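Here's the structure, in C-alpha cells; my notes come after.
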Protein chains: 2
Amino acid sequence: MLTPGQPLYQAKAEFFRTLGHPARIRILELLCERDHAVHELLAEIEIEPSNLSQQLGVLRRAGLVLQQREAGEVRYAVALPEVRTLLLSARELLSTLIDDQAGLRAQLQG
Amino acid sequence: MLTPGQPLYQAKAEFFRTLGHPARIRILELLCERDHAVHELLAEIEIEPSNLSQQLGVLRRAGLVLQQREAGEVRYAVALPEVRTLLLSARELLSTLIDDQAGLRAQLQG
DNA sequence: TATAGACATGAAGAAGTCTTCAAGTTGTGA
DNA sequence: TCACAACTTGAAGACTTCTTCATGTCTATA
C-alpha cells in the first residue's frame, strides 16, 4: 500500500493492481465526473453494498479517493486530479490497442 | 484478453491488471527506452529465465509488446508508443500520491 | 547430424484476490 | 430512547495469479 522504502516499480505494480478491477474502474470514472454518495454509486454500479464498500476501501487505502460524511450520507471524491489524466491516457492506449487487434483480425480473415 | 463485446470497463480492468506486476513494469520501462533481446532483459531484471518468459508471454498476449527473431536471439519491443505516455502519466500520479502521503505522515508526527 | 545456446510452454503447489455473509458502527428522525 | 437507514468490517470459501520445475522447440555451428 505504497509503503516508503520499497523499489519504485513495486509501488507502480501495486498501484496498477489497484486499478485492476471493473468495479473500481467504474467508481473512479464516476468520481472523475463529480463526487458521489455511496448510495448514488450503488445505483450506477451493479454490485452488492458490502462489495462496493470493500472496493471503496481498497481505493481509499491506496489514497486515490477521499471519504466525507455529509447529511446522513457518505460522499466520495477523487483525491488527485491526476487520476483523470491517467484514465484518459489509458482509454487512449486501449482504443489504439483494440483498433490494432481489429485490424489484425480483419487481415487474418480476409 | 481484450475480447470484443465485453463491457469497456472490464477491458480496462484487465489491461491494468496486465501492468500490475513488478517484472512486467520493469520490462515495459526498459522496452520504452529501446528494444531488448531476452538475455538483455534477463541481465537487468532479477528473475528466473522461465519466469521472464512467462511475463513476456503475458505482455505479448495483451498486445503490448512485439517479438522478433534476429541473429539467434529474440528481441522485444513495445507495440504502441502510447505505452510510454501511460507510464509517464502513472509516474506523475504516483509521485503526487507519495508526496501527499509523506505530507500526511509529517502532519501526524509533528 | 549432433550439440549447445536461447527461449517458450505446461503443470502444479503456494500465495494472493474476490465475493458474500453475518455482524457492527454511526448518525437521524419518530 | 428506539428503530431505521446508510455504510463498514472481518472472516471464509471460491477463484486467480505467481513462481518454479521439467521438458520442448528452434537456430546456429561444429
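To find a chain, count down the sequence lines: A is the first, B the second, and so on, and within it residues start at 1. Please read all numbers here as calculations on a predicted model, not as lab measurements.
- Contact check, B:Tyr76 against C:dA6: no side-chain N or O comes under 4.0 Å of OP1 or OP2.
- A residue-by-residue look at A:Ala71 and A:Gly20 shows that A:Gly20 has its nearest nucleotide of DNA chain C further toward the 5' end.
- Atom P of nucleotide C:dT9 and atom CG of B:Leu59 are separated by 13 Å, given to the nearest angstrom.
- B:Gln67 comes within 4.0 angstrom of the backbone, heavy atoms only, and of no base.
- To the nearest angstrom, P of C:dG5 lies 21 Å from CD of B:Glu70.
- Contacts between residues 28-40 of chain A and DNA chain C, defined by a heavy-atom separation below 4.0 Å, involve no residue at all.
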Exercise. Please assess B:Phe15 against B:Leu86 for the test side chain to side chain contact (heavy atoms under 4.5 Å, CB included), listing each intermediate value before the final yes or no.
Key: CA-CA 12 Å; B:Phe15 166 71; B:Leu86 184 92; 3.9 Å; yes

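- Rounded to whole Å, the distance from CD on A:Glu73 to P on D:dT8 is 12 Å.
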Quiz item: Given A:Arg91 and A:Glu29, is the side chain to side chain contact (heavy atoms under 4.5 Å, CB included) satisfied, shown in steps?
Solution: CA-CA 11 Å; A:Arg91 171 186 301 244; A:Glu29 289 185 341; 4.0 Å; yes

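- Heavy atoms of A:Arg60 sit under 4.0 angstrom from primed sugar atoms or phosphate atoms, though from no base atom.
- Taking every heavy atom of residues 41-57 of chain B and every atom of DNA chain C, pairs under 4.0 Å involve B:Ser50, B:Ser53, B:Gln54, by number.
- Partner of A:Arg24 under the side-chain contact (heavy atoms from CB on, under 4.5 Å) criterion, out of A:Leu64, A:Leu19, A:Val58: A:Val58 alone.
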Polar-atom pairs under 3.5 Å, protein N or O versus N or O of nucleotides 13-17 of chain D: list them with distances, or write none.
residue: D:dT17; atom: OP1; partner: B:Arg17; partner atom: NH1; Å: 2.9

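- Within a 6.0 Å radius of CZ in B:Arg84, no more than 12 heavy atoms belonging to other residues, nucleotides or ligands are found.
- Summarising the geometry, the separation between CZ on A:Arg69 and C1' on C:dT26 is reported as 5 Å, rounded to the nearest angstrom.
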